[in-house]
Structures are given as C-alpha cells and as structure tokens.
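Chain identifiers are assigned alphabetically (A, B, ...) following the order of the sequence lines, protein sequences preceding nucleic acid strands; residue numbering begins at 1 within each chain. Side chains are part of it too, since the values below use all heavy atoms of this structure and drop only hydrogens, waters and symmetry mates.
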There are 2 protein chains.
Amino acid sequence: MLVSNTSRDRPDGDRVNDKARTRERNRAAVQEVALRLFAEQGYEATTVAQIAREAGVSHMTFFRCFPSKEAVVLDDDYDPMLEELIRSRPVTEEPVERIHRATMTGLGQVYEHARETLLRRTELLLSIPGLRARIGENLASARTAFERGLTPEGEEPGVETRAVAAACAAALSTAVIAWSETGGEADLPDLIDRVFHALRGLPAPEPLSPEVRP
Amino acid sequence: MLVSNTSRDRPDGDRVNDKARTRERNRAAVQEVALRLFAEQGYEATTVAQIAREAGVSHMTFFRCFPSKEAVVLDDDYDPMLEELIRSRPVTEEPVERIHRATMTGLGQVYEHARETLLRRTELLLSIPGLRARIGENLASARTAFERGLTPEGEEPGVETRAVAAACAAALSTAVIAWSETGGEADLPDLIDRVFHALRGLPAPEPLSPEVRP
DNA sequence: ACACCATATGTTAGTGAGTAACACTTCCCG
DNA sequence: CGGGAAGTGTTACTCACTAACATATGGTGT
C-alpha cells in the first residue's frame with residue numbers, strides 16, 4: 001500500500017509512492033513558506049489563506065498537512081529519540097537521573113546538527129504570545145515520551161512516574177527557553193545540566209564552557 | 001442595571017464601586033451559566049453567544065469578563081496564596097522542598113473548603129480535548145507563582161529557579177489530574193506528597209489516610 | 001492496455017471565536 | 001447638578017477551521 005514499486009519502468013533507487021512524495025513535498029513547502037512569512041510579517045498578520053496561496057496549494061491542503069495554524073510552528077520530532085535513550089539507561093538510576101542523562105546525550109546531538117533550527121524555532125515560539133502559552137502542548141509530547149521511556153513495556157505508569165516525566169519536561173523546556181533568550185549565546189548542554197542538578201537538589205556543576213555569563 | 005445599591009442609602013461597611021460590584025456579579029453569572037451549559041451539553045456544542053444570552057448579557061460583555069471562552073474554565077485563583085506560602089517557608093529549605101511543603105499546606109486548605117469545586121473543574125478540563133491541551137497555561141500561572149515565591153523581592157529568578165518552579169507546577173498538576181481521574185476517591189494531599197517525594201528522589205511516604213487504594 | 005478504486009486536492013459555503021467602532025446608559029466625584 | 005469615566009450593547013467585520021461534494025491522478029488487478 002505504501003510502497004508499490006513498479007520497478008519495471010525505473011530501475012533506480014528510491015521508489016516510494018509518487019503520491020506520498022508529493023504529499024511530503026507539499027507539507028514541506030507549506031511549512032517553509034509559513035515560517036518565512038511568520039518571520040517576515042509576524043504570526044498574527046499572516047493568514048492561512050496567504051500561506052496556502054504562496055505555497056501554491058489550497059486552503060484545505062494546508063489543514064490536511066497541519067491540523068492547525070499553530071502546528072506549523074509547534075511540530076517537533078525529537079521525542080521518539082528521547083524515549084529510546086531513556087529506556088536504554090540502567091533502571092538502577094533514579095528516574096530523574098535517567099532522564100537527565102538521556103537528555104544530555106540526545107540534545108547534545110541535536111545541538112550539534114540542528115542548533116540553528118532549534119534556536120530559530122524556539123525564538124519564534126516565544127515571540128508569539130498566542131503560541132507561547134501553548135508551549136505546554138509541546139511539552140506534553142515530551143512528557144509522554146519521558147513517561148514511556150521510564151515505564152517498562154506493557155505496564156501503566158504510576159502517578160510518580162507521570163509526575164517525574166512532566167516535571168522533567170517542564171525543566172528541560174525551561175532550559176531551552178533560557179538558552180533561546182540569550183540568543184543562543186549560552187551553552188545549552190550546560191544549561192540543561194544546571195537545571196537538572198537544581199531539580200535533584202545537587203550542587204551546581206562546574207560549567208563545561210568557560211563563559212556562560214560574562 | 002441588575003442591582004443598584006447606591007451607597008448613599010447604606011451606611012454599612014463595604015463601600016466598593018457599584019460598577020465594580022455589578023461587574024463582578026456579571027462575571028459570576030457568566031461563569032456559572034457557562035459551566036452549567038458545558039456540563040449539560042458539552043463544551044464545543046456551547047457557543048459564547050448562547051452563554052451570553054442565557055446569562056442576560058451581550059456577546060461583548062462575555063469577552064470583557066473573560067478573555068476567551070477557554071478562560072472560563074481555566075481561571076483559577078489559588079496562585080497568590082501559594083506564592084505567599086512559599087515565601088514564608090525558611091530559605092534554608094531546598095527549593096523543591098519549600099514548594100512541596102507550601103503546597104501541602106495550601107492545597108490542604110482548598111481540599112477542605114472547595115474540594116468539590118476543584119474536582120468538577122478538573123474533570124471538565126480533562127473531558128474537553130481542546131482544553132486538556134491547554135492545561136499548560138493553567139500550569140504557567142502556578143509556575144509564575146512558584147517562581148515569585150522562591151525569588152527574593154526585587155531580584156530576577158535564575159534558570160535554576162525557573163526550572164524548579166516549572167517542574168513543581170507540572171508535578172502538582174499531575175497529582176491533581178491523577179486525583180480527578182479517580183473521581184476524587186483518592187486522597188489528594190497524599191498524592192501530592194507522593195509526587196513530590198518521587199521528584200526529590202525520596203522513598204515513598206506512608207499514606208496519611210488509611211485507605212488510598214482498596 | 002484498460003477499467004476500477006483509493007487517495008489527494010480543489011471549490012464552495014458555512015460556523016463560531018474574537019475584535020473594532022460607535023452610540024448609549026449609569027455611576028462617581030467635584 | 002453637571003461633566004467625565006467606565007460598562008454595556010449593537011453592528012459589522014476578520015479569520016481559523018469544518019463539511020460536502022466534485023474532480024483529478026496515480027496505483028492495482030485482470
């Protein structure tokens with residue numbers, strides 16, 4: 001259904017559905033146009049109709065790609081990675097510590113590859129009052145990932161697990177926000193470290209980067 | 001309009017504006033009608049116009065009382081109390097512990113007086129997908145209160161403080177949600193205690209009430 | 001190769017939240 | 001008592017989002 005591969009015509013490598021392809025292409029186009037317009041003229045001032053027009057699709061296609069205007073900014077896909085990283089940490093560690101270390105690893109990678117993207121997106125998020133309030137949703141998906149990472153397969157998480165997951169998601173989000181508020185000047189891994197240390201009631205770690213604040 | 005109460009006739013104590021009075025009365029009426037209608041026929045199915053009509057005010061008055069339809073459900077005013085309670089705890093305590101204890105005191109009081117109200121409101125909140133996502137906002141106000149409670153007057157909170165505040169708000173919210181999911185059967189103070197203990201990496205406390213789960 | 005079907009898209013028309021502008025009433029204060 | 005301030009209502013508007021139906025297009029079975 002997804003992969004049909006009528007290989008008789010085209011002997012070359014990637015042979016996914018043209019349909020799915022176009023869909024993805026549309027989605028990407030819409031997102032790109034949207035983010036550009038948001039940056040250029042502001043979020044509120046940009047209408048869905050305009051985005052659709054400039055992306056060369058209809059109004060409806062927009063909503064078929066993104067469930068809402070906000071989703072264009074909020075969409076995020078680091079969560080599955082984080083879940084896996086948490087699960088792979090030893091269960092002997094305290095839940096908060098597992099998340100702490102998993103996050104350090106995961107975000108460390110993101111930090112290397114997609115630093116700029118993450119920064120721009122977060123700044124945009126914070127600059128739009130309507131979205132700022134909704135960081136919680138963003139957070140909710142991280143929370144779920146943490147929860148799943150902490151809970152053995154097939155079990156239901158207890159209140160404690162759910163609370164720890166939610167709390168860590170909130171703490172992490174705070175670190176990312178603080179980082180974006182410095183315009184990316186601060187060292188994100190270091191901020192994350194400090195935040196989790198504070199949560200666990202540990203003394204502040206020595207900074208990895210020489211100058212976090214001048 | 002509804003009640004005229006011109007204060008020259010009444011020499012008694014509370015001498016607030018009649019205007020402000022009526023405003024409050026309007027606000028209360030709107031909120032009451034809204035919550036009733038939400039419960040009766042669902043949140044989505046209830047329009048602002050209908051609420052306004054049944055409350056005997058205009059469409060506009062609704063929005064002058066509540067910035068949005070959602071605010072009717074989300075509005076909450078425990079926060080100033082929590083801020084004060086936190087501030088009054090000794091600074092020698094760890095931040096998480098300060099919030100933990102302050103919350104135990106504060107929510108303990110609410111639990112006595114407004115248990116039913118809190119329960120209904122939370123249940124409503126969870127039952128409405130559109131609002132469920134926005135618990136984050138609700139949380140944001142608690143976070144701010146925690147932040148302020150932890151920060152000495154005139155200072156700016158650091159990342160650590162902000163993170164701890166956000167994390168505790170998330171944890172608290174989880175406890176309240178879990179409580180409402182049991183239909184109020186569970187003991188909220190006990191849940192809060194467990195949640196904060198988990199956060200601090202302490203062993204689970206013995207329950208205060210004999211039977212939390214049968 | 002041809003017909004069939006599923007799926008993505010566009011068109012149109014509608015609902016409902018939230019806002020702006022202006023006129024009107026009502027209370028407060030000098 | 002008169003003028004200003006603040007609250008309210010009316011109307012008209014924008015815009016996110018949805019439903020229904022028509023249409024195109026690529027994939028599939030024969």
Problem set entry | Whether A/His100 and A/His197 hold their rings parallel, tilted or perpendicular, with breakpoints at 30° and 60° | perpendicular
For this session: With sequence neighbours excluded, tell me which residues meet side chain to side chain donor-acceptor pair (under 3.5 Å) with A/Tyr78.
Result: none
Problem set entry | Worked check of salt bridge (Lys or Arg N to Asp or Glu O under 4.0 Å) between A/Glu40 and A/Arg36 | CA-CA 6 Å; A/Glu40 280 174 19; A/Arg36 179 170 53 77; 3.2 Å; yes
What pairs of donor and acceptor atoms, side-chain ones from residues 105-112 of chain A against any protein atom, are under 3.5 angstrom apart with sequence neighbours left out?
residue, atom, partner, partner atom, Å
A/Thr105, OG1, A/Arg101, O, 3.0
A/Tyr111, OH, A/Arg115, NH1, 3.0
A/Tyr111, OH, A/Leu188, N, 3.4

Exercise. Can you name the residues that form a side chain to side chain donor-acceptor pair (under 3.5 Å) with A/Asn26, not counting sequence neighbours?
Worked result: none
Exercise. Nearest-Å distance, CG (A/Asn26) to P (D/dG26)?
Worked result: 14 Å
Exercise. Which dot-bracket string describes DNA chain C (Watson-Crick N1-N3 plus N6-O4 or O6-N4, or G-U N1-O2 and O6-N3, all under 3.5 Å; [ ] crossing; | other strand)?
Worked result: |||.||||||||||||||||||||||||||
Please tabulate, for side-chain N and O atoms in residues 49-61 of chain B, each donor-acceptor pair with protein atoms closer than 3.5 Å (sequence neighbours left out).
residue, atom, partner, partner atom, Å
B/Gln50, OE1, B/Gln41, NE2, 2.8
B/Ser58, OG, B/Met60, N, 3.1
B/Ser58, OG, B/Thr61, N, 3.4

Problem set entry | DNA chain C-proximal residues of residues 37-50 of chain B, any heavy atom under 4.0 Å | B/Thr46, B/Thr47, B/Val48
Exercise. Base, sugar-phosphate, or nothing for A/Thr61, non-hydrogen atoms under 4.0 angstrom?
Worked result: sugar-phosphate
Exercise. What is the distance, rounded to the nearest whole Å, between atom CE of B/Met60 and atom P of C/dA23?
Worked result: 16 Å
Exercise. Which ones in residues 62-74 of chain A lie close to DNA chain D, meaning a heavy atom under 4.0 Å from one of its atoms?
Worked result: A/Phe63, A/Ser68, A/Lys69
Exercise. Starting at CZ of A/Arg25 and ending at P of D/dG26, how long is that distance when rounded to a whole Å?
Worked result: 13 Å
Problem set entry | A/Ser68: partners by side-chain contact (heavy atoms from CB on, under 4.5 Å), with sequence neighbours left out | A/Glu70, A/Ala71
Residues 145-156 of chain A, side-chain donor-acceptor partners within the protein, below 3.5 Å, at least two apart:
residue, atom, partner, partner atom, Å
A/Glu147, OE2, A/Arg143, NE, 3.4
A/Arg148, NE, A/Glu83, OE1, 3.2
A/Thr151, OG1, A/Glu147, O, 2.7

Seminar exercise, completed: Sorted by chain and number, sequence neighbours left out, side-chain contact (heavy atoms from CB on, under 4.5 Å) with B/Arg121 holds for B/Asp76, B/Asn138
Problem set entry | Rounded interatomic separation in angstrom, taking CZ from A/Arg27 and C1' from C/dA8 | 15 Å
Exercise. Can you pull the side-chain hydrogen bond (donor to acceptor under 3.5 Å, both in side chains) pairs that have at least one residue in residues 172-181 of chain B, sequence neighbours excluded?
Worked result: A/Arg162-B/Glu181
For this session: Among D/dT10, C/dT19, C/dG10, find the nucleotide with the atom closest to the side chain of B/His59.
Result: C/dT19
Problem set entry | From C/dT11, C/dA20, D/dG7, nucleotide with atom closest to B/Arg23 side chain | D/dG7
For this session: Using atom CD1 of B/Ile51 as one end and atom C1' of C/dG16 as the other, report the distance to the nearest whole Å.
Result: 12 Å
For this session: Name all pairs fulfilling the ring pair (Phe, Tyr, Trp, His ring centres under 6.0 Å) condition that reach into residues 22-42 of chain B, sequence neighbours left out, sorted by first residue then second.
Result: B/Phe38-B/Tyr43
